[in-house]
Asker: 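My questions will all concern the structure given below.
Order of appearance sets the numbers: ligands from 1, and atoms from 1 within every ligand. Note that the structure is predicted; figures quoted are calculated from it, not measured.
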Amino acid sequence: MTYEKRYDGRDFDETRKVEIKMGVIPRANGSAMFSFGNTKAIAAVYGPRLMHPQHLQNPEKAVLRCSYDMLSFSVTERKKPGPSRRSSEISHVIMNALTPVLQLENFPNAVIDLEIEIIQADASTRCAGINAAALALAHAGIPMTDLISAVSVGNIGNKICIDITKEEEDYEEDGEKLATDIPVAFAPRKNRLTLLQLDGKVKPEVLKKVIEAGNKACMKINEAQKKALRDLKMETELPEEEEK
Ligand code: CDP
């Protein structure tokens, strides 16, 4: 037995419905919501502003402080509020996935706070978080050399699946867990991989195919992200309505 048909009927190389909303947090300098189906992430950027306390300042570039968290009721079994080992790890990998394209040297001694909140989780939350964060950073006007896109790739019962759900992450055959989750992120312009994690086991030749499939999906996600930014620009450029 293998995983022949996806639980939700999607093609193996298809993401769930991608939904993007820009400017969801008016008080932030930049913000965005990104969803993969039932996985929904919000990212907000505050700054750049002068870093306090002073001894934490870097005179050569801004410091990016990244924080990822999930709402307690975003998951089926209530999550204890507050930071955890998992949230610290994810904050760290998200920061590493984004920094290669950020021109932080434009803001010496400054800090940029990036807050990512998962409001509903059905796997792939770090990838949704990265996609929301890239958009929020662009919305905040932080200069970037590229727009990062991320997707989870699963090796589920020996089938490569794009954008896996929690049900797929928990896939088993004869009581044996047969799902490997491989989140990837790309900077498309130079086709640079900025995130690669692996939860499970995979053969080297399969890993190559996984990265290729992830790359293709990220290119499509990137188009959706760029469209959301273009639409926003068009909106702000519209002439104001005349007073009646
Ligand atoms: O979300 P992501 O795939 O980036 O990270 P994960 O640690 O592999 O978590 C996979 C999924 O497990 C999450 O997206 C949630 O749906 C679920 N989860 C949960 O139900 N309760 C938690 N405390 C953590 C994760």
Asker: Is NZ or CZ of K61 both nearer than 6.0 Å to the six-membered ring centre of F107 and within 45° of the ring axis?
Answerer: no

Asker: For ligand 1, does S124 get within less than 4.0 Å through its side chain, its backbone, both, or neither, judged by non-hydrogen atoms?
Answerer: backbone

Asker: Would you kindly specify which portion of K166 sits under 4.0 Å from ligand 1, judged on non-hydrogen atoms: side chain, backbone, both or neither?
Answerer: side chain

Asker: Would you call R126 and E89 a salt bridge, taking side-chain N to carboxylate O under 4.0 Å as the test?
Answerer: yes

Asker: Using 0.5 Å steps for rounding, measure from the CD1 atom of I164 to the CG atom of D181.
Answerer: 4.0 Å

Asker: Which hydrophobic side chains are connected to V111, either touching it within the sub-4.5 Å cutoff or through other members that do?
Answerer: M51, L56, V63

Asker: Which distance, rounded to the nearest 0.5 Å, do you find between the OH of Y46 and the CD1 of I112?
Answerer: 14.0 Å

Asker: Can you tell me if A123 has a non-hydrogen atom under 4.0 Å from ligand 1?
Answerer: yes

Asker: Counting only heavy atoms, tell me which of I94, I130, V75 gets closest to atom 21 (N) of ligand 1.
Answerer: V75

Asker: State, with a plain yes or no, whether a side-chain heavy atom of C127 is found less than 4.5 Å away from one of S152.
Answerer: yes

Asker: Would you say D181 contacts ligand 1, with heavy atoms under 4.0 Å as the rule?
Answerer: yes

Asker: Would you kindly specify which portion of E77 sits under 4.0 Å from ligand 1, judged on non-hydrogen atoms: side chain, backbone, both or neither?
Answerer: neither

Asker: Say whether T125, considering both its backbone and side-chain N or O atoms, lies within less than 3.5 Å of an N or O atom on ligand 1.
Answerer: yes

Asker: Would you mind running through ligand 1 and noting each atom that sits below 4.0 Å from a heavy atom of E169?
Answerer: 3 (O), 8 (O), 10 (C)

Asker: Any N or O of R86 that comes nearer than 3.5 Å to an N or O of ligand 1?
Answerer: yes

